[in-house]
**Q** 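Can you keep this structure in mind? I'll have questions shortly.
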Amino acid sequence: MALREIIGHEGIINILRGYIRKERLPHALLFAGDEGIGKRLTAINLAKTLNCHALGSMDHDIDCCDECPSCKKIDKMIHPDVFLLKPEGPAGQIKIDTIRKLQESLSYRPYEGRRKVAIIDDADLLNPPAANAFLSTLEEPPEGSIIILISARPDMLLETIRSRCQRLNFSPLPLKSMGKLIKDRYKGLDNRHLLLLAELAGGRLGHALNDDLIAQRNRSLDILLDILGNPSKDVWKDKKDMEDWFDWCCLWLRDIAVLKATANPDLLINKDKEVKIRELSNEMELEGILKLSREIYNIKRLLNFNLNRPITLYYINLLFRQTGRKIEQGGQFN
Ligand SMILES: [Zn+2]
């Protein structure tokens, strides 16, 4: 893959090309925008472009060749001058040891590339000591190095970190181009299915191109029904699973609210689950659904603070019980 093949972010890619052309690439960039829309892909292909052996000898725009040893090594993440950091461990954080190691690596000259590039994925998950240590790197960036922070929750980053980065906002892809892309990928799928995939992905191509998207969605509904029926059952595999579920839950609440407000099933995203959505929507008042959506959204924001899972489960069950009348009688949605 190369920059020219990234779809939907042409504006940002042109800005990046302009920086490189004028030799004015900021030492720290912040790629902000929803999960799965192409931020990491752009960062990796920027790292490839900066270090590509063919840069300058190509007749097209500033880009990587995707074929030279440097491009191949970066694709496999085995290039000695390109680093990709992401949250680790049960707490899902980027810790100070990781940052110290990165700082040491950045302090040497590039081994074989032109520029050292550090990509920090989910940078909002730097824990406080790591974030503070990292700040010194942003204040005095090692010569020739580029740091790219990636975040779907840029408001969770320290203001002092944010203000030292040039921010580029990635927007979701329009539904129409998503539909076409998914169609190219899933040849033979009927139109109804294609539209569901495009809508589910909400402009996030990374998600649409995930073969399991519909299975994940189905599982998220099962989990919701499980929580309504039996809040003591542990339904999430891990923290990431729990976080993802909250996104799905917002989607189900969106459909429940739409059906309640309009009584028009054509407006549902999950049209194939209309029966279940109708059952849930019949049990709730619109105002309650909207309040519940806000609560779920708020809990999702708190997940970074490692919420206790059993308590969270009980709390969600309670919120739904307060919103729905029949749910209170216990578990008949299961
Ligand atoms: Zn190359």
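Along the sequence shown, residues carry numbers from 1. Read the numbers this way: they start at 1 and go in the same order the structure lists the ligands and their atoms. Nothing here was measured: the structure is a model prediction, and the numbers come from that model.
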**Q** Sorted by chain and residue number, which protein N/O/S atoms are under 2.8 Å from the Zn ion (ligand 1)?
**A** Cys52 SG, Cys65 SG, Cys68 SG, Cys71 SG
**Q** Strictly below 4.0 Å, N to O, side chains only: are Asp244 and Lys240 in salt-bridge contact?
**A** yes
**Q** Other residues, nucleotides and ligands only: do more than 12 of their heavy atoms fall within 6.0 Å of NZ on Lys271?
**A** yes
**Q** Is it true that atom CD of Glu139 has more than 12 heavy atoms of other residues, nucleotides or ligands lying nearer than 6.0 Å?
**A** yes
**Q** Should the pair Glu104-Lys101 be classified as a salt bridge under the 4.0 Å nitrogen-to-oxygen rule?
**A** no
**Q** Do Arg115 and Asn51 pair up side chain to side chain, a donor and an acceptor below 3.5 Å, judged on atom types alone?
**A** no
**Q** Taking only Lys NZ, Arg NE, NH1 and NH2, and the carboxylate oxygens of Asp or Glu, determine whether Lys239 and Glu243 approach each other closer than 4.0 Å.
**A** yes
